[in-house]
Engineer: 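Before anything else, here's the structure in question.
Atoms considered below: every heavy atom in the structure, side chains included; atoms not considered: hydrogens, waters and symmetry mates. Predicted model only: the values in this text are computed from it and were never measured. First the proteins, then the strands, lettered A, B, ... as listed; each starts at 1.
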Amino acid sequence: MLDIAFIRDNPELVKQGMLQKGEKKTELIDQVLELDSSWRKSTHLLDELRSKSNATSKMIGSLMKEGKKEEAESARKETAALKEQIKELETEEQTLLEKRNELLLYIPNVPHPSVPVGKSDADNLVHATWGELLPKSWRRPHWDIISEMGWIDFDRGSKVTGAGFPFYIGAGARLQRALINFFLDEAVQAGYTEIQPPYFVNEDSARGTGQIPDKEDMMYTVPRDGFFAIPTAEVPVTNYFRKEIIQEAELPVKMAAYTPCWRREAGSYGKDVRGLNRLHQFDKVELVKFVHPETSYSELESLRQDAENLLQKLGLSYRTLLMCTGDMGFTQTKKYDLEVWSPGQERWLEVSSCSNFESFQARRMMVRYKDKNGAVSILHTLNGSGLALPRVVAAILETYQQEDGRVRVPEVLKPYINREYL
RNA sequence: GGAGAGAUGGCAGAGCGGUCGAAUGCGUCGGUCUUGAAAACCGAAGACUCGCAAGGGUCCGGGGGUUCGAAUCCCUCUCUCUCCGCCA
């Protein structure tokens with residue numbers, strides 16, 4: 001969420017940011033500011049009354065000590081009305097604050113000035129393209145390769161769980177494991193600490209990273225225990241430091257986590273869900289950074305570079321998009337997407353998304369850092385996939401397939417899959 | 001799942017109804033001393049929030065209650081530890 005003080009000082013800027021993200025309800029800002037000013041009035045009055053009440057309590061205490069019973073007694077009687085007033089005001093003040101903070105959750109983060117203004121994915125900027133775009137020609141889409149080789153079984157997955165929960169078998173499973181290890185090893189090499197987080201989180205964590213209330217429907221829930229199955233490792237990992245203060249010297253903190261991810265993906269259909277293009281359960285290595293506010297944009301660039309390196313080493317062609325304001329999402333100020341080339345489908349597939357959240361998540365989570373002078377401030381968080389497996393698998397199969405049907409093992413995976421062909 | 005104990009500042013750990021935002025130790029920071037460091041000594045440090053400021057207010061796991069007044073008493077929830085049961 002945004003800093004209320006920032007909204008007070010820059011209401012127009014925040015409104016403009018909302019409009020650029022395609023969020024038209026800018027009256028939200030006026031409502032928040034109105035609630036805020038009533039709350040402040042209420043708090044002010046309440047504090048005065050409390051101050052008075054504290055003073056008389058103190059006085060009663062010392063009167064008792066001096067043995068002035070009658071005076072203490074009469075002072076005590078006077079507090080009755082005051083107490084009543086305080087109690088009333090307390091509920092009013094609390095209600096106002098709760099309402100204000102609730103609305104605050106619905107105000108999106110403000111895009112960074114370097115982000116192109118636009119409405120949809122058509123307005124995204126192609127930031128860079130790497131590698132040659134193999135033509136389809138004789139190449140087949142990955143789902144054909146998969147079913148012919150028996151590497152992934154969608155039908156049995158549907159039987160056992162439901163659509164979008166596949167089984168990986170033999171070389172298919174082996175490839176998954178190889179990629180996970182490769183991604184993690186590369187991340188550790190790049191200075192990230194390997195983390196294994198919980199796969200379920202509670203409601204506070206889901207709110208901390210912004211899944212609630214914005215993307216609540218994307219998550220699978222465990223109602224009996226109040227848990228959410230994580231849609232990405234971002235959620236547990238970013239919440240790692242919730243309500244904590246980190247020493248400035250510790251920054252930046254970089255973490256890499258492999259987890260399965262669960263997403264309900266309601267409303268998807270057609271070619272988008274064909275094969276490995278979109279699943280309800282998939283594997284991903286996620287990179288998360290906690291950084292000093294001054295460095296968050298350079299950290300975003302290096303995060304993107306870390307993710308790009310993986311694709312380059314795998315020998316996959318890809319492009320990097322700088323997402324426009326309208327296609328960016330609620331919590332980010334700036335975001336790059338990496339899309340890998342799928343020669344069998346002749347289309348781009350998103351395999352990574354690298355974002356800067358500035359203080360948006362950290363403020364919700366109260367993650368702060370303390371500088372040398374002892375001053376405490378909110379830090380910045382970032383994350384990016386490094387990488388999401390299924391579409392990488394799709395691209396590998398389609399890129400490395402031979403005309404005879406076999407699939408070569410990418411050079412960098414050979415330490416993990418000790419053979420020439422899958 | 002059953003029984004008991006506990007939750008206090010970065011950590012350890014006092015406090016058991018008023019002067020406690022909280023002793024003490026360690027750690028941290030600043031200074032003295034030193035060529036430099038260590039040791040020793042002296043000193044400084046919680047967070048949030050309202051206010052231009054002066055100055056208020058809130059916070060001793062969360063929520064509620066008793067009281068003029070709660071870290072201290074009561075209820076409740078969560079978590080941690082010990083024992084038993086169960087188990088990868």
Engineer: Find the partner of B:rU19: check Watson-Crick (N1-N3 plus N6-O4 or O6-N4) and G-U wobble (N1-O2, O6-N3) distances, both under 3.5 Å, and reply none if neither fits.
Structural biologist: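 Base partner found: none.
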Engineer: Please give the distance between the P atoms of B:rC60 and B:rA71 as a whole number of Å.
Structural biologist: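 These two P atoms come out 6 Å apart once rounded.
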Engineer: Out of B:rC48, B:rC68, B:rU58, which has the shortest distance to the side chain of A:Arg76?
Structural biologist: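 It is B:rC68.
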Engineer: Counting only Watson-Crick pairs (N1-N3 plus N6-O4 or O6-N4) and G-U wobbles (N1-O2, O6-N3), all under 3.5 Å, who is the partner of B:rA53?
Structural biologist: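 By the stated definition (distances under 3.5 Å), nothing pairs with B:rA53.
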Engineer: Applying ring pair (Phe, Tyr, Trp, His ring centres under 6.0 Å), run through A:His112 and A:Tyr297 and close with a yes or a no.
Structural biologist: CA-CA 10 Å; A:His112 189 260; A:Tyr297 283 94; 4.0 Å; yes
Engineer: For nucleotides B:rC52 and B:rG15, find the distance between their C1' atoms and express it as a whole number of Å.
Structural biologist: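 Approximately 40 Å lies between the C1' atom of B:rC52 and that of B:rG15.
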Engineer: Using the C1' atom as the point on both nucleotides, what is the distance between B:rA54 and B:rA47, in whole Å?
Structural biologist: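 Nearest-Å result for B:rA47 against B:rA54 at atom C1': 22 Å.
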Engineer: Can you check the distance between B:rU8 and B:rC81, where both ends of the measurement are the P atom (answer in whole Å)?
Structural biologist: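 It comes out at 14 Å once rounded to the nearest Å.
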Engineer: Using a cut-off of strictly less than 4.0 Å, decide whether A:Asn54 has a side-chain nitrogen or oxygen near OP1 or OP2 of B:rU58.
Structural biologist: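 Yes, such a contact exists.
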Engineer: With respect to the side chain of A:Lys87, which nucleotide from B:rU49, B:rU66, B:rG57 is positioned closest?
Structural biologist: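 In terms of side-chain proximity for A:Lys87, the closest of B:rU49, B:rU66, B:rG57 is B:rU66.
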Engineer: Check every strand shown and say whether A:Arg8 touches a base, only sugar-phosphate, or nothing at a heavy-atom separation below 4.0 Å.
Structural biologist: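 Sugar-phosphate, backbone atoms only, no base.
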Engineer: From the options B:rA47, B:rU58, B:rC50, select the nucleotide whose nearest atom is closest to the side chain of A:Arg50.
Structural biologist: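 Closest nucleotide among those given: B:rU58.
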Engineer: Heavy atoms only, 4.0 Å cut-off, all strands: where does A:Met64 land among base, sugar-phosphate and nothing?
Structural biologist: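 Base, at least one base atom sits under 4.0 Å.
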Engineer: Is there a Watson-Crick or G-U wobble partner for B:rA47 with both distances under 3.5 Å, and if so, which one is it?
Structural biologist: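 Across all strands, the one nucleotide that pairs with B:rA47 is B:rU58.
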Engineer: Does a side-chain N-to-carboxylate-O contact under 4.0 Å join A:Glu27 and A:Lys25?
Structural biologist: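 Salt bridge flag = no for A:Lys25 with A:Glu27.
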Engineer: Provide the Watson-Crick or G-U wobble partner of B:rA3, both distances under 3.5 Å; none if there is no partner.
Structural biologist: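 Across all strands, the one nucleotide that pairs with B:rA3 is B:rU82.
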Engineer: Could you check if the base of B:rA45 is syn or anti? Syn means the glycosidic torsion is within 90 degrees of 0.
Structural biologist: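 Here the answer is syn: the torsion falls within 90° of 0.
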Engineer: Taking the same atom, C1', in B:rC41 and in B:rG51, what whole-Å distance lies between them?
Structural biologist: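 So the two C1' atoms sit 41 Å from each other.
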Engineer: When you measure from the side-chain N and O atoms of A:Lys83 to the phosphate of B:rG69, is any distance below 4.0 Å, counting only OP1 and OP2?
Structural biologist: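 For A:Lys83, the contact criterion (side-chain N or O under 4.0 Å from OP1 or OP2 of B:rG69) is met.
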Engineer: Rounding to an integer number of angstrom, what distance separates B:rA45 and B:rU58 when you compare their P atoms?
Structural biologist: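 It works out to 22 Å between them.
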Engineer: Any luck finding a side-chain donor-acceptor pair between A:Tyr318 and A:Gln312 under 3.5 Å?
Structural biologist: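 A pair is found: one side chain offers a donor N or O, the other an acceptor, under 3.5 Å apart.
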Engineer: So if I take every side-chain heavy atom of A:Thr79 and compare against B:rC68, B:rC50, B:rA47, which nucleotide ends up nearest?
Structural biologist: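 Nearest nucleotide to the side chain: B:rC68.
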Engineer: With heavy atoms under 4.0 Å as the rule, sort A:Ser51 into base, sugar-phosphate or nothing.
Structural biologist: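 A:Ser51: backbone/sugar contact only, no base atoms under 4.0 Å.
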Engineer: Expressed in whole Å, how much space separates the C1' atoms belonging to B:rG21 and B:rG57?
Structural biologist: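 These two C1' atoms come out 13 Å apart once rounded.
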Engineer: Are A:Arg40 and B:rG51 close enough that a side-chain N or O sits under 4.0 Å from OP1 or OP2?
Structural biologist: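 It does, given that an N or O in the side chain of A:Arg40 lies less than 4.0 Å from OP1 or OP2 of B:rG51.
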Engineer: Identify whether NZ of Lys or CZ of Arg in A:Arg406 sits under 6.0 Å from the centre of the six-membered ring of A:Tyr421 and within 45° of that ring's axis.
Structural biologist: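 Here A:Arg406 passes the 6.0 Å and 45° test against A:Tyr421.
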Engineer: Can you tell if the side chain of A:Val117 reaches within under 4.5 Å of the side chain of A:Asp123, non-hydrogen atoms only?
Structural biologist: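 No, too far: nothing below the 4.5 Å cut-off.
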Engineer: Taking atom types as they are modelled, would you say the side chain of A:Asp47 forms a donor-acceptor pair with the base of B:rG57 within the 3.5 Å cutoff?
Structural biologist: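 It does not, because no donor-acceptor pair links the side chain of A:Asp47 to the base of B:rG57 below 3.5 Å.
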Engineer: With both distances under 3.5 Å as the test, what is the Watson-Crick or G-U wobble partner of B:rG9?
Structural biologist: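 Because no pair has both required distances under 3.5 Å, B:rG9 counts as unpaired.
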Engineer: Which value, in whole Å, describes the distance between the C1' atoms of nucleotides B:rC42 and B:rU80?
Structural biologist: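 Straight-line distance between the two C1' atoms is 40 Å.
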Engineer: Between A:Gly61 and A:Ser377, just flag the one whose closest nucleotide in RNA chain B comes earlier from the 5' side.
Structural biologist: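 The residue closer to the strand's 5' end, by nearest nucleotide, is A:Gly61.
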Engineer: Is the shortest side-chain N to carboxylate O distance from A:Arg264 to A:Glu216 below 4.0 Å?
Structural biologist: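 The answer is no: the pair does not qualify as a salt bridge.
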Engineer: Between A:Asp327 and A:Lys119, does any side-chain N to carboxylate O distance fall below 4.0 Å?
Structural biologist: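 No.
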Engineer: Hunt down the Watson-Crick or G-U wobble partner of B:rA40, both distances under 3.5 Å, from any strand shown, or write none.
Structural biologist: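 Base partner found: B:rU32.
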Engineer: Quick check: on RNA chain B, is the nucleotide nearest A:Ile60 upstream (toward 5') of the one nearest A:Val376, or the reverse? Name the residue that is more 5'.
Structural biologist: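 By nearest-heavy-atom nucleotide position, the 5'-most residue is A:Val376.
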Engineer: Could you tell me which nucleotide pairs with B:rA71 by Watson-Crick or G-U wobble geometry, both distances under 3.5 Å, or answer none if nothing does?
Structural biologist: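 WC or wobble partner does not exist here.
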